[in-house]
Amino acid sequence: MGRMQRRGLSLLLALLPSASLAAPPAPPAPPPPPYESPIIAWTYVVQPGDTFAAIARRMGVSMAALAAENRVPLPYLITQGQVLRRPSPAGDAVPPSSTRASRPAPVPRPAPRPAPVARPAPPLRPAPETAPAHQRETGAPRLSWPTSGTIVARFGVRQAQGRANNGIDLAAFTGMSVHAAAAGRVLFAGTEPQRFGQLIVIDHGGGWVTAYAYLGRVDVVEGQRVTARQPIARIGRSGEAQKPTLHFELRRDNVPRDPAPYLPVRL
């Protein structure tokens, strides 16, 4: 080996250890990211270099809360351009700018009403029994009302016992006066035990008589002459009467007549 070759080899060996021990040049440090400021928006679009932990830190929430809000499973992998929603703190309302549409509270629906049930028609009531019509006969006495009071049973209408009413019944108060309906002579004044109780019968001539029953007290005697409107008795309760009542009859030749056409009209 020549002298020049030995010198070159020595120079090469001297350079090899120095070259192998030298560290490679370090790459230039990347500039600090410009988006490390806090995220205050309710949505955020993932940028290049973002990490899930950094986004959660900048939003001021935990990774678990951010993952639950956006349904991101472990290990929290995200992609560039993905939109992440910021979880709303408990008790805070989401502002109108949020992408999450607020749903109105459900309005309860009224319970359906049951269909109306048709009611059966009420049974027809029997028509009231019409009293027989009578006209005023000639020669009849001119009568006056024997007492004041409401008519509670009319002539000809059947009563509870099944018998037709041969007169009219007037409701009155105990102790009220009973007057002779017309002038005449007392034929009977006493007690009729079967139906009428205390009873007065007055003859007015021409076959016409009036009868006053269910009395409480009799104030005339048989054979006595009475004038029209003269007090002859007191209202009470006797015979079939269940409460203070006057039963009044008008008869001709012992045949009952409806007293209504012979009595004056009440105003």
Side-chain angles (χ1 to χ4, degrees), residues 126 128-137 139-267:
E129 186 176 352
T130 304
H134 292 277
Q135 295 181 353
R136 182 183 177 88
E137 301 178 36
R142 186 174 298 276
L143 303 181
S144 61
W145 287 92
T147 191
S148 59
T150 304
I151 298 177
V152 292
R154 294 187 177 275
F155 178 82
V157 178
R158 294 192 178 277
Q159 299 174 311
Q161 299 84 357
R163 298 186 299 263
N165 193 359
N166 290 330
I168 59 175
D169 292 347
L170 300 170
F173 296 101
T174 301
M176 290 177 59
S177 295
V178 178
H179 306 275
R185 182 174 60 89
V186 178
L187 291 178
F188 180 85
T191 301
E192 194 281 314
Q194 294 184 356
R195 293 181 54 194
F196 297 115
Q198 297 291 314
L199 172 67
I200 297 175
V201 179
I202 300 177
D203 180 14
H204 304 287
W208 293 92
V209 299
T210 54
Y212 314 78
Y214 301 159
L215 302 173
R217 190 181 77 187
V218 174
D219 294 334
V220 294
V221 295
E222 295 179 7
Q224 180 179 343
R225 302 291 301 187
V226 294
T227 60
R229 300 289 303 164
Q230 177 180 333
I232 58 175
R234 294 284 181 177
I235 294 292
R237 187 181 68 181
S238 61
E240 296 176 341
Q242 301 297 319
K243 54 186 177 181
T245 307
L246 173 65
H247 177 72
F248 177 68
E249 291 188 10
L250 173 66
R251 293 180 179 237
R252 183 180 187 183
D253 298 331
N254 205 32
V255 178
R257 297 290 194 270
D258 183 4
Y262 301 90
L263 292 168
V265 178
R266 283 179 170 177
L267 299 179

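- When the side chain to side chain contact (heavy atoms under 4.5 Å, CB included) test is applied to Pro244, the partners found at least two apart in sequence or on another chain are Thr174, Ile235.
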**Study point:** Derivation and outcome, side-chain contact (heavy atoms from CB on, under 4.5 Å), residues Val178 and Phe248
**Key:** CA-CA 10 Å; Val178 178; Phe248 177 68; over 6 Å; no
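- With sequence neighbours left out, the side chain to side chain contact (heavy atoms under 4.5 Å, CB included) criterion links Arg225 to Arg185.
- Residues Leu199 and Leu215 form no side-chain contact, since every pair of their non-hydrogen atoms from C-beta on lies 4.5 Å or further apart.
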Please tabulate, for side-chain N and O atoms in residues 143-150, each donor-acceptor pair with protein atoms closer than 3.5 Å (sequence neighbours left out).
from: Ser144; atom 1: OG; to: Ala181; atom 2: O; distance (Å): 3.3
from: Trp145; atom 1: NE1; to: Pro264; atom 2: O; distance (Å): 2.9
from: Thr147; atom 1: OG1; to: Ser177; atom 2: O; distance (Å): 3.2

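- Minimum interatomic distance between Ile232 and Ile200 (heavy atoms only, all atoms of both residues): O-CD1, 3.5 Å.
- Take Asp169 and apply the side-chain hydrogen bond (donor to acceptor under 3.5 Å, both in side chains) test, not counting sequence neighbours, and it matches His247.
- Residue Leu246 holds its CG atom at 11.0 Å from CD1 of Ile151, rounded to the nearest 0.5 Å.
- Legend: residues meeting side-chain hydrogen bond (donor to acceptor under 3.5 Å, both in side chains) with His204, ordered by chain and number and at least two apart, are Thr210.
- Counting all heavy atoms, side chain and backbone alike, Ser238 lies closest to Gly197 at OG-CA, 3.7 Å.
- Applying the salt bridge (charged side-chain N to carboxylate O under 4.0 Å, His left out) test to residues at least two apart or on different chains, the pairs with a partner in residues 209-218 are Arg217-Asp219.
- Taking each heavy atom of Ala241 and Arg237 in turn, the nearest pair found is O-CG, 3.3 Å.
- Side chains of Ile168 and Leu263 form a contact here, defined as non-hydrogen atoms less than 4.5 Å apart.
- Residues that satisfy the salt bridge (Lys or Arg N to Asp or Glu O under 4.0 Å) test with Arg234, not counting sequence neighbours, are absent from this structure.
- The list of side-chain hydrogen bond (donor to acceptor under 3.5 Å, both in side chains) pairs with a residue in residues 189-203, not counting sequence neighbours, reads Thr191-Gln198.
- Phe196 contributes atom CZ, which lies 7.0 Å from atom CD of Glu240 (distance to the nearest 0.5 angstrom).
- Residues that satisfy the salt bridge (Lys or Arg N to Asp or Glu O under 4.0 Å) test with Arg252, not counting sequence neighbours, are Glu137.
- For Asn254, the side-chain hydrogen bond (donor to acceptor under 3.5 Å, both in side chains) partners two or more places apart in sequence, or in a different chain, are Arg251.
- For the side chain to side chain contact (heavy atoms under 4.5 Å, CB included) test, residues two or more places apart in sequence or in another chain that qualify with Gln230 are Gln224, Val226, Thr227.
- In this structure, CH2 in Trp208 is found 8.5 Å from CG in Asp253, a value given to the nearest 0.5 Å.
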